[in-house]
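Here the structure is laid out as structure tokens; the discussion comes afterwards.
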Amino acid sequence: MNPNVELENVTFLTAARDGERIDSYLAAECGISRSAAQRLLGIGAVTVGGKTCAKNYKTKTGDAIEITFPETEECDAKPENIPLDVVYEDSDLIIVNKPCGMVVHPAPGHSSGTLVNALMYHCGDSLSGIGGVQRPGIVHRIDRDTSGLICAAKNDAAHLSLAAQLADHSMHREYRMIAVGNLKEESGTVDAPIGRHPVDRKRMAVVKDGRHAVTHWRVLERYPGFTYAEAVLETGRTHQIRVHLSHIGHPLAGDTVYGGGRTPFEKHNAPLLDGQALHATALILRHPATGEAMRFETPLPDGFEKVLDKLRKL
């Protein structure tokens, strides 16, 4: 976060560059996501030169920008006594190993049993409000059927710091995955924009006018018909790894949404996979208060390990 002046819930900025989209500028300067910046613009919380700023405005050097952050609303989600696998916790953040099948935050059809419900019970009132009423503390997400590490902020200062690390790519997220087929190279990068699927709006896809998305991958082991690999996110788009691997012709094992789950091996071992074979195994970040470099790791789930053992015997 790099505001010129900050007064309670109001931030004043002086633009130092021309021609940048206002949502991108606010995201970079305030350490929030572009979608959060767009929400602020949409409710008229951003002014330039005293006038409400349009969503498509582009900055001019010297612009006097004022952002009024809304007061934190009471969260509609209710605390629930759901066990959490806590990897690390202090007064600023909490790192949790999320199980496969758990939704991160309440949404239509998933009003309870989410990670947010569990965090509210575990942390009490100690969660940041920047994520909004349905996402207190949530800095980044992983899919319902992806297991592994996720961090949440316990105060707004920590949230802004962690969001800024996501934005400048200094927070690293490493995944383990099982891809269908043979990834011919030993490593590679998929650099392809991701947006909503043009026909099926519940899915994401590589589309020309999508958001910039980059996934790096590296082969760990090879088996007949499958590849065990590591993936590192440079960006964090919805379903990014799943979409990118499907795009290059190697959907994740068990991922029926993006082309996986069709081989006899996958169908036979579907109870073990319980969704796509994707696990967020490592999270690297700077502590939001001390700046200390921290690395957290978690082992693969039992079902994932059992599938690997079976593949090694093919």
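Residues take their numbers from the sequence shown, with the count starting at 1.
- Contact of the Y121 side chain with the I82 side chain is not registered, since no non-hydrogen atoms from C-beta on lie closer than 4.5 Å.
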Self-check item: Stepwise side chain to side chain contact (heavy atoms under 4.5 Å, CB included) test for R242 and M204
Solution: CA-CA 9 Å; R242 300 165 62 191; M204 308 301 288; over 6 Å; no

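- V180 and L314 fall within a single hydrophobic cluster, where Ile, Leu, Val, Met, Phe, Trp and Tyr are joined by side-chain heavy atoms under 4.5 Å apart, directly or via other members.
- With respect to R295 and E174, a salt bridge is recorded, a charged nitrogen being found less than 4.0 Å from a carboxylate O.
- Note that CG of L278 is 5.0 Å distant from CD1 of I241, once rounded to the nearest 0.5 Å.
- By the criterion of side-chain heavy atoms lying less than 4.5 angstrom apart, applied directly or through intervening Ile, Leu, Val, Met, Phe, Trp or Tyr residues, I248 is grouped together with Y175 in one hydrophobic cluster.
- A donor-acceptor distance shorter than 3.5 angstrom exists from the side chain of T227 to the backbone of G181, with no hydrogens or angles considered.
- Residues A213 and T235 approach most closely at CA-OG1, 3.1 Å, considering heavy atoms.
- Using a 4.5 Å heavy-atom threshold, the side chains of K78 and M120 count as separate.
- Side chains of Y228 and L311 form no contact here, defined as non-hydrogen atoms less than 4.5 Å apart.
- Atom-to-atom distance recorded for T68:OG1 and E66:CD is 4.5 Å, nearest 0.5 angstrom.
- A salt bridge links E29 to R17: at least one charged side-chain nitrogen sits closer than 4.0 Å to a carboxylate oxygen.
- With salt bridges taken as basic N to acidic carboxylate O contacts below 4.0 Å, none links D309 and K306.
- I94 and C123 make their closest contact through CD1-SG, 4.2 Å (heavy atoms, listed as atom of the first residue, atom of the second, distance).
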Quiz item: Which is it for Y57 and D63 under the side chain to side chain contact (heavy atoms under 4.5 Å, CB included) test, yes or no, and what are the steps along the way?
Solution: CA-CA 11 Å; Y57 181 77; D63 276 346; 2.7 Å; yes

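- Here the side chains of V243 and R237 are not in contact, with every heavy-atom distance at 4.5 Å or above.
- Here the shortest heavy-atom pairing between C151 and H140 reads N-NE2, 3.0 Å.
- The shortest side-chain heavy-atom distance between R176 and E230 falls under the 4.5 Å cut-off.
- Within a 6.0 Å radius of CZ in R222, other residues, nucleotides and ligands contribute more than 12 heavy atoms.
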Quiz item: Run the side-chain hydrogen bond (donor to acceptor under 3.5 Å, both in side chains) check on H105 and T114 step by step: do they pass?
Solution: CA-CA 5 Å; H105 57 77; T114 72; over 6 Å; no

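- For the atom pair L272 CG and L308 CG, the distance stands at 11.0 Å (nearest 0.5 Å).
- Counting non-hydrogen atoms of neighbouring residues, nucleotides and ligands closer than 6.0 angstrom, the CG atom of D302 reaches no more than 12 such neighbours.
- Note: the hydrophobic cluster containing M102 also contains I138 (ILVMFWY, side chain heavy atoms under 4.5 Å, direct or indirect links).
- T263 has its side chain within reach of F226: a pair of non-hydrogen atoms, C-beta onward, lies under 4.5 Å apart.
- Pairing each heavy atom of P136 with each of L127, the nearest pair is O-CD1, 4.0 Å.
- Residue R262 holds its CZ atom at 10.5 Å from CG of D255, rounded to the nearest 0.5 Å.
- Residues V87 and L283 have side chains not in contact (no heavy-atom distance under 4.5 Å, counting atoms from C-beta outward).
- A donor-acceptor pair under 3.5 Å links the side-chain atoms of T281 to the main chain of T298, judged by distance alone.
- Under the 4.5 Å side-chain criterion, counting only non-hydrogen atoms from C-beta, I194 is not in contact with T238.
- Shown are L233, L285, I284; of these, the side chain to side chain contact (heavy atoms under 4.5 Å, CB included) with H172 is made only by I284.
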Quiz item: Can T146 and Q276 be said to form a side chain to side chain contact (heavy atoms under 4.5 Å, CB included), step by step?
Solution: CA-CA 7 Å; T146 298; Q276 63 269 5; 3.0 Å; yes

Quiz prompt | Chi angles and distances behind the side-chain hydrogen bond (donor to acceptor under 3.5 Å, both in side chains) call for D191, T189 | solution = CA-CA 6 Å; D191 184 345; T189 296; over 6 Å; no

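- With hydrophobic clusters built from ILVMFWY side chains whose heavy atoms lie under 4.5 angstrom apart, L166 shares a cluster with I95.
- In summary, of the residues considered (R203, H244, H239), a side chain to side chain donor-acceptor pair (under 3.5 Å) with Y258 occurs for H239 alone.
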Quiz prompt | side chain to side chain contact (heavy atoms under 4.5 Å, CB included) between E20 and K58, worked out | solution = CA-CA 5 Å; E20 183 169 359; K58 293 187 178 180; over 6 Å; no

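- Remark: side-chain polar atoms of K60 are not paired, donor with acceptor, to backbone N or O of A15 under 3.5 angstrom.
- Counting only distance, with no hydrogens or angles, the side chain of E297 and the backbone of A282 share no donor-acceptor pair below 3.5 Å.
- The ring pair (Phe, Tyr, Trp, His ring centres under 6.0 Å) analysis of residues 280-306, with sequence neighbours excluded, yields the pairs Y88-F296.
- Taking all atoms of both residues into account, the shortest heavy-atom contact from C100 to D274 is SG-O, 3.0 Å.
- Among all heavy-atom pairs drawn from I142 and G148, the shortest one is CD1-O, 3.6 Å.
- Between the NZ atom in K55 and the CD atom in Q38 there is a gap of 7.0 Å [rounded to 0.5 Å].
- The structure places CD1 of I65 at 6.5 Å from OG1 of T59, a figure rounded to the nearest 0.5 Å.
- Under the 4.5 Å side-chain heavy-atom criterion for grouping Ile, Leu, Val, Met, Phe, Trp and Tyr, L26 is connected to V48 within one hydrophobic cluster.
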